[in-house]
There are 2 protein chains.
Amino acid sequence: MTTIKDVAKYAKVSVATVSRVLNQKGYVSKEAEQAVKTAIETLNYKPNAVARTLYHKTSGMIGLLVPDIANPFFPELARAIEDVALKKGYTVVLCNTDNELKKEQHYVHALQQKYVDGLILATGTGTYEHYETLDLPVVALDRFVSANIPTVVSENKNGAKAATEHLIEQGCAFIAHLRGPKGLNPADERYEGFKEVVEANGIAHIIVETGFQIEQAEEAVRALLEKHPTIDGIFTSSDVAAAGAMKAAHTLKRSIPEDLQIVGFDGILFGNMLVPSLTTVQQPIYEMGELAIQLLVQLIEKRSLQSYWHELPTTLTIRGTTKGGGA
Amino acid sequence: MTTIKDVAKYAKVSVATVSRVLNQKGYVSKEAEQAVKTAIETLNYKPNAVARTLYHKTSGMIGLLVPDIANPFFPELARAIEDVALKKGYTVVLCNTDNELKKEQHYVHALQQKYVDGLILATGTGTYEHYETLDLPVVALDRFVSANIPTVVSENKNGAKAATEHLIEQGCAFIAHLRGPKGLNPADERYEGFKEVVEANGIAHIIVETGFQIEQAEEAVRALLEKHPTIDGIFTSSDVAAAGAMKAAHTLKRSIPEDLQIVGFDGILFGNMLVPSLTTVQQPIYEMGELAIQLLVQLIEKRSLQSYWHELPTTLTIRGTTKGGGA
DNA sequence: CTGAAAGCGCTTACAG
DNA sequence: CTGAAAGCGCTTACAG
């Protein structure tokens, strides 16, 4: 690798001068500038980012912590973040935590030691509370961590209410809710929204908790439908769980949406690939990612934020698994 | 941030001694060691990874270049890579290239300047040929770049042959192949495999090219089925395209697998979420990712490789979209 | 306008 | 066994 010294030697100037033309700051004569530019060109010199980082204490990298990139909600989020990062000159380090405290801590330490400029937390065990004392810009995405940390979420509760109301409007009289893990923010809020609406309308309902694996959801729904054959509506806390519900319904020869209506939550791409395509509460996934990194960059650049709480609207997308929609 | 100097001062030794206990190399007395350890503990000192990188010219980071992490094949791959990286003490930088030469070049430069220890290329325009002269360990994944670069792929051609043979065995007489972009290695090989089998068996066939968007595939298959209503089998170059084919079939009221049988390629998770679930050529996605990073780490650690060519077996997973399987 | 020097935080020969 | 010093590649006051 050619270094700034090589360039200086070739251009017959000092390294300070080379540095000045590199950073376009400070005075430098036309002749010196030209000589340096020629030297850079002919030696194919690229400044060493690590040395710069050591001096500036800023690396141009941000850490993205997700539970599991293989969970289809997160790739879309990651893509949005990476797109904006590219434009703004940042680079994204991907970390899968599996919601395990140990992995989370490990990554936070590793990233800090590398001088990352900031962190986007799309994960959180809820137990690792050191983010505020980290002295590092942090944005929480799809999760609430602390009031001092800018947060980007979608309208989980409202979305859940809309989904539940839709099922009721379409004639469901006994609705099951497949809720996500307790203690997980979005799952709790979706549950709240569901409960509020069924209770307000005096609708029979039942709640079952599942994780993010399709098999769990499928099994849960199969058991549920066998035990309660009169269930005619299901609202799931994720689209993946909805797909599991659809598989279970298919196995039990319950036709969708005639016998059983299903509404998912997330609006990930594959919902539209299902047959019938999935009615779901669409989160503005890409926009959430975009906003999160924009806020993070503002924080990094020490610009002040107008708001620390950003709740983006969800929209009910009616498709083939409920009666209001098409195929 | 506390530095090695602070620790040295607190422990009343030189920074050299602190460094020695940090790295557990060189002689250091029990007393000095103890003093340093206490100092590290009480000051909560973490060594600065950037300074180390500057000296050692090795960062503990690897770059992962994929076309688009939102394309469901890549998150599974990325997850495998990240899992192994975590175990081996590396960190993964995620780069989406969209198969654009400009983005690819940008990332390669940016990563090099950050002293990444190696690159995994799961993308490639085929035009950027500088990887061999990069002086950086590189592994090609799901793509052939050069004979000098260790390569991990799956048996694309054999998989395609098995898929096509399966369709013929199940009675298909007029088979369409939705091939991926020309010039893209895996797509070309799958096409070759298909062609060989249909030609050897004298089966009527037709080829259409599509990209990786479900909408393209759906539209292509709709047009195809309208023009050629006697098509009774489709082999697609990806599972996403197969989902598009299923949607088109559904729209045209062609029942699967009775009227129309479909085989995909990839074996991504969501194939199993479809109804009927998708018969597909399963690539060992996780294993491919694992192997790629293991090879890369071997390269980084200057251990020699037995082989530069790793072709992992694919398996035909017969499910609900062809007649041999279940639902 | 320009260069010598100190410093970012670490590591490792080199003397002792 | 231990410390002073040089060096990794850059940047920026400070003199001139």
Side-chain angles (χ1 to χ4, degrees), chain A residues 1-37 39-40 43-61 89 109-117 135-136, chain B residues 1-37 39-40 43-61 89 109-117 135-136:
Chain A
M1 280 252 118
T2 75
T3 72
I4 198 169
K5 267 191 189 169
D6 304 321
V7 176
K9 194 173 293 172
Y10 189 96
K12 297 195 168 56
V13 297
S14 74
V15 296
T17 300
V18 177
S19 180
R20 286 190 194 100
V21 351
L22 244 31
N23 299 293
Q24 310 193 59
K25 60 166 61 168
Y27 297 94
V28 41
S29 66
K30 285 277 165 256
E31 300 80 60
E33 184 176 352
Q34 200 39 251
V36 169
K37 283 188 169 166
I40 289 175
L43 298 177
N44 188 230
Y45 167 72
K46 308 275 177 226
N48 180 321
V50 176
R52 285 180 160 175
T53 295
L54 185 58
Y55 184 89
H56 282 125
K57 300 188 187 326
T58 160
S59 64
M61 299 193 299
H109 284 152
L111 293 171
Q112 252 197 133
Q113 290 181 53
K114 289 185 199 298
Y115 278 151
V116 295
D117 295 338
D135 193 28
L136 189 66
Chain B
M1 280 252 118
T2 76
T3 72
I4 198 170
K5 268 191 186 171
D6 304 321
V7 176
K9 193 173 291 173
Y10 189 97
K12 296 195 169 55
V13 297
S14 72
V15 296
T17 300
V18 177
S19 180
R20 285 192 193 97
V21 350
L22 244 30
N23 299 292
Q24 310 192 56
K25 59 166 63 169
Y27 297 94
V28 43
S29 65
K30 285 274 166 264
E31 302 80 60
E33 184 175 351
Q34 200 39 252
V36 169
K37 283 189 169 166
I40 288 174
L43 299 177
N44 188 230
Y45 167 71
K46 308 276 176 224
N48 180 320
V50 177
R52 284 181 159 173
T53 295
L54 185 59
Y55 185 89
H56 281 125
K57 301 188 188 322
T58 160
S59 64
M61 300 195 297
H109 284 152
L111 294 171
Q112 253 199 129
Q113 291 183 51
K114 291 184 198 299
Y115 278 152
V116 295
D117 295 339
D135 193 29
L136 190 66

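By convention in this document, chain letters (A, B, ...) are assigned in the order of the sequence lines, proteins followed by strands, and residues within each chain are numbered from 1. Worth saying up front: this structure is predicted, and the values here are computed from it rather than measured.
Between the CD1 atom of A/I40 and the C1' atom of D/dC10 there is a distance of 13 Å, given to the nearest Å. Between the CG atom of A/L22 and the P atom of D/dC10 there is a distance of 8 Å, given to the nearest Å. The distance from atom CG of B/N48 to atom C1' of C/dG7 is 14 Å, rounded to the nearest whole Å. To the nearest angstrom, C1' of C/dG9 lies 13 Å from NE2 of B/H56. Per the geometry, CD belonging to B/Q24 stands 13 Å off P belonging to C/dT12, to the nearest Å. B/Y55 places its OH atom 10 Å from the C1' atom of D/dA6, with the value rounded to the nearest Å. Nucleotide C/dT12 holds its C1' atom 12 Å from the CD1 atom of B/I4, rounded to whole Å. Here the P atom of nucleotide D/dT11 and the OH atom of A/Y27 are 19 Å apart, to the nearest Å.
Put simply, the side chain of A/T17 never gets that close to the backbone of A/V13: no donor and acceptor are under 3.5 Å apart. A donor-acceptor distance shorter than 3.5 angstrom exists from the side chain of B/S59 to the backbone of B/Y115, with no hydrogens or angles considered. B/N48 contributes a side-chain N or O that, together with a main-chain N or O of B/V50, makes up a donor-acceptor pair within less than 3.5 Å. In terms of modelled atom types and a separation under 3.5 Å, the side chain of A/T53 and the main chain of A/A49 share a donor-acceptor contact. Proximity of a side-chain donor or acceptor of A/K46 to a complementary backbone N or O of A/T3 within less than 3.5 Å is not detected.
Nucleotides D/dC10 and C/dC1 are separated by 25 Å at their P atoms, to the nearest Å. Annotation: C/dT2 and D/dG9 have their P atoms spaced 25 Å apart (nearest Å).
Within the structure, a side-chain polar atom (N or O) of B/N23 is placed less than 4.0 Å from OP1 or OP2 of C/dT11.
Here the options are A/V36, A/L22, A/I40, the test is side chain to side chain contact (heavy atoms under 4.5 Å, CB included), and the partner is A/I4; only A/L22 passes.
With D/dC10, C/dG9, D/dC14 as the candidates, the nucleotide lying closest to the side chain of A/R20 is D/dC14. Nearest to the side-chain atoms of A/Y45 among the listed nucleotides D/dC10, C/dT2, D/dT2 stands D/dC10. Of the candidate nucleotides C/dT11, D/dT2, D/dG3, D/dG3 has the atom lying nearest to any side-chain atom of B/V13. Distance from the side chain of B/S14 is smallest to D/dG3 among C/dT2, D/dT11, D/dG3. Taking every side-chain heavy atom of A/K5 into account, D/dC8 is the closest of D/dT11, C/dT11, D/dC8. Distance from the side chain of A/S29 is smallest to C/dC1 among C/dG3, D/dT2, C/dC1. For A/Y115, taking side-chain heavy atoms from C-beta onward, the closest of the listed nucleotides C/dG9, D/dC10, C/dG3 is C/dG9.
Summary of the strand contacts: B/E33 and A/L54 both lie near DNA chain D, and taking for each the nucleotide with the nearest heavy atom, the more 5' one is attributed to B/E33. Ranked by how close their nearest DNA chain D nucleotide is to the 5' end, B/A16 and B/K57 are led by B/A16.
Across all strands shown, the partner of C/dT2 is D/dA15, judged by Watson-Crick or G-U wobble contacts whose two distances both fall under 3.5 Å.
Heavy atoms of B/T17 sit under 4.0 angstrom from primed sugar atoms or phosphate atoms, though from no base atom. If you check every strand for non-hydrogen atoms under 4.0 Å, A/S19 touches a base.
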